[in-house]
Amino acid sequence: MILCDKGLFTLHTKNTTYQMKANSYGVLLHTYYGPRVSGCDLSYRIQYTDRSFAPNPDEDGGSRLFSLDAMPQEYSTCGVGDYRLPSLELELPCGSRSADLRYKSFRLEPGKYALEGLPAFRGPEGETLVVVLEDAAAQVDVELWYGVLEDYDIITRAVKIINRGGKTVKIRQAASLCLDFQRGDLDLITFDGKHVLERCPNRAPLVPGTRSVGSVRGTSSHQHNPFVILCEHDAGEDHGLCFAACLLYSGNFEAAVERAQFEDTRLVMGVHPYHFCWPLAPGESFTAPEAALCCSKEGFSTLSHRLHRCIRERLIQNPWAGQPQRVLINNWEATMFDFDAERLIKIAESAAPMGIGLFVMDDGWFGARDTDTAGLGDWTVNGRKLPGGLEALVPRIKALGMDFGIWIEPEMVNEDSELYREHPDWALHIPGRSKVRGRQQLVLDFSRKDVRDRVYGDLKKVLSSADISYVKWDMNRSLATAWSAALPAERQGEVYHRYVLGVYDMLEQMRRDFPSVLIEGCSGGGGRFDAGMLYYTPQIWCSDNTDAIDRLRIQYGTSFCYPVGTMGAHVSAVPNAQTGRSVPIETRGLVAMSGTFGYEMDLGQTTEEEKEIIRRQISFFKEHCKLIQEGDYYRLSDPFQNGPYTAWQQVSPDKREALVSIVTGTAHGAPPFLNLRLKGLDPALCYHVNDEGSYPGDVLMEAGWPLPMPWDDYQSAQLYLSAV
Ligand code: DGJ
């Protein structure tokens, strides 16, 4: 619900309230975000006091009581007296770098807004408020867009900057959100890591100064995720006030938090200002990507439930939704580049009788691709490996009762490729500098439409040549030497952002042309696992690390924002290719099925006993897929604590079903007796627990369930609960 009253704007969701107010000088102040309160004017909490070294704008008229630096701002500026983190920085024709905003007007629009060319939570349900601010000297309007998804407890934001003047103004920074708190006693949680160990939570109390995470790699990155949580020091899974901010963007980003001098806190999140400069000619506009906010006073579980439901129902669009879940098999870890049609068919033949419904052919099927030094850019089938092309291979896979999927990496080119020999200037490259390769490849200039058109044209032919129902869109290096031969010197600051817009544009085109194809995102695993990509690719390969024990950590961290059904997760062979660890097949299956679930190994190489276990895993997953992927997700333990076990739980929305998954750590003699307290059950219902009797929900939650005694490392157990 949106209430507008003489410059006071109150946004209510079911359980939260957000408020801002234009004060008598026209400065839009942030008055509140938190648990739902009645919609009175909360600006009474903002005190007008003389603060030394806090300059006063002209309107203050000499009272010295009003300073931008001492008040919570709705969208912070720079160069005019607020010294905290800026949200907007404009370079005016005179060369000054500043921004100064005053309230101009507002409008309400029906439904939740969409953003052209950018991902956004979907309407039409929801409401939109647009508050228009004006920088009079710059002759620039700044529209703050708010989407209220009331039932989901999510508020979205986006910002549109419009040049109303007669001269070009340069945007040096345009954040998607600014959120001020009148308190400094908060913890910041960021989700950080590296290739093969992504999104590990790091929590620390704020100290005076700024902490910032982000990416300047051209993608959202393995190293930091565009999702952060701010919370009270004692907040945990089930209690405490916490706030989440999530950016729907897949390129360079920054999430910066400043604890400032008056025990106030500011969070600013948006496109990273590094190498960003967007000249805005008269009449032109620029839209900063969407960010989403969520708040819970009941801790992280509720925060995650709200985000998960909104992402599932209002962000992702899975063309397979509503159809029976297809478990997939992917040949990558089994073969790498070394395969031909017969090898693939063999893998498919051993998978089909297990109940696997989708065969995915990974990297190596095109051009002269036998190693990672050649072929990228040449999207034509390698006839030596696949004689007769996809037209011959796909019907053979289909005849086994499986659908067919294919791997692509559209954004890349090898120097050893026909495409590069034809168009060496299509790769990002700074004139005069030597080349910078990553995995032996260069990055195509996706800011250019002609480049995208050529690549997409080639891919479209491939995708139209056979019955293909799944595409894995990979991206295997970070950007460097980001210079575009198609832009003049003064517009090179657009390249990184235009690159991301180009990726979105091609994804949109592919979804339009092939509406029944499921696209899975991937960037060397989870290097571009963000809400922006999820808008186009409803699932993303979570990590190149398929070791089940490392996956416990990766999937745990990922689960704070992203639902189980978005996390690509496969069972692979042991010893694991990343860690050398051997984990029992039962445990590998249990961990992968808290994801999209698939296998990435040659099932023909497994023993009869393993085959039987795999068959059971697949049929269990198919039976309980809805509960696993759409149930409320509870983290029952923190795998980073190195405790004796890791456990998590899914509970169906009606609380009549639940699944508990438990994985033990390394075994020790005389293990302790431990009881695992379950969560989210209906205390008044009685539940069957596997075939081991019936127990009341309150008992299972308060007294718990005895953990199995581990007899070796990395054992696992599943408890399936159904209401009697
Ligand atoms: C990186 C991906 O994450 C892997 O799953 C695989 O597709 C390789 N690329 C192929 O090159």
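Whatever order the structure lists ligands and atoms in, that order sets their numbers, starting from 1.
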Hey, which atoms in ligand 1 end up nearer than 4.0 Å to a heavy atom of W407?
-> 7 (O), 10 (C), 11 (O)
Lys NZ or Arg CZ of R199 over F529 ring: under 6.0 Å, within 45° = yes
Closest to atom 10 (C) of ligand 1 (judged by heavy-atom distance), picking from D363, N476, N545 = D363
Looking only at heavy atoms, is any part of K472 under 4.0 Å from ligand 1, and if so is it the side chain, the backbone, or both, or is it neither?
-> side chain
Subset of ligand 1 atoms that lie under 4.0 Å from at least one heavy atom of C522 | 2 (C), 3 (O)
Please find out if less than 6.0 Å separates the ring center of Y496 from that of F276.
-> no
Using the ring of W541 (Phe, Tyr or Trp, six-membered ring only), decide whether R551 places NZ or CZ under 6.0 Å from its centre and within 45 degrees of its axis.
-> yes
May I ask you to identify the nearest protein heavy atom to atom 3 (O) of ligand 1, giving residue, atom name and distance to one decimal place in Å?
-> D544 OD1, 2.3 Å
F337/W332 aromatic ring centres below 6.0 Å | yes
Tell me, which protein residue and heavy-atom name are nearest atom 7 (O) of ligand 1, and how many Å apart are they?
-> D362 OD1, 2.7 Å
Nearest protein heavy atom to atom 1 (C) of ligand 1, by residue and atom, and its distance?
-> D474 OD2, 3.0 Å
Does F560 have its ring centroid less than 6.0 Å away from the ring centroid of F227?
-> no
Do the ring centers of H497 and Y249 come within less than 6.0 Å of each other?
-> yes
Checking D363, D338, D362 against R369 for salt bridge (Lys or Arg N to Asp or Glu O under 4.0 Å), the one that qualifies is D363
contact_flag M412 ligand 1 heavy-atom lt 4.0 Å | no
May I ask you to list the atoms of ligand 1 that are less than 4.0 angstrom from any heavy atom of G525?
-> 3 (O)
So for R439 against ligand 1, with non-hydrogen atoms under 4.0 Å, the contacting part is side chain
cation_pi(R588, Y599) dist<6.0 Å, angle<=45 = no
Pull out every atom of ligand 1 sitting under 4.0 Å from any heavy atom of G524, numbered as shown with elements.
-> 1 (C), 3 (O)
Considering only heavy atoms of W541, which atoms of ligand 1 have at least one such atom less than 4.0 Å away?
-> 3 (O), 5 (O)
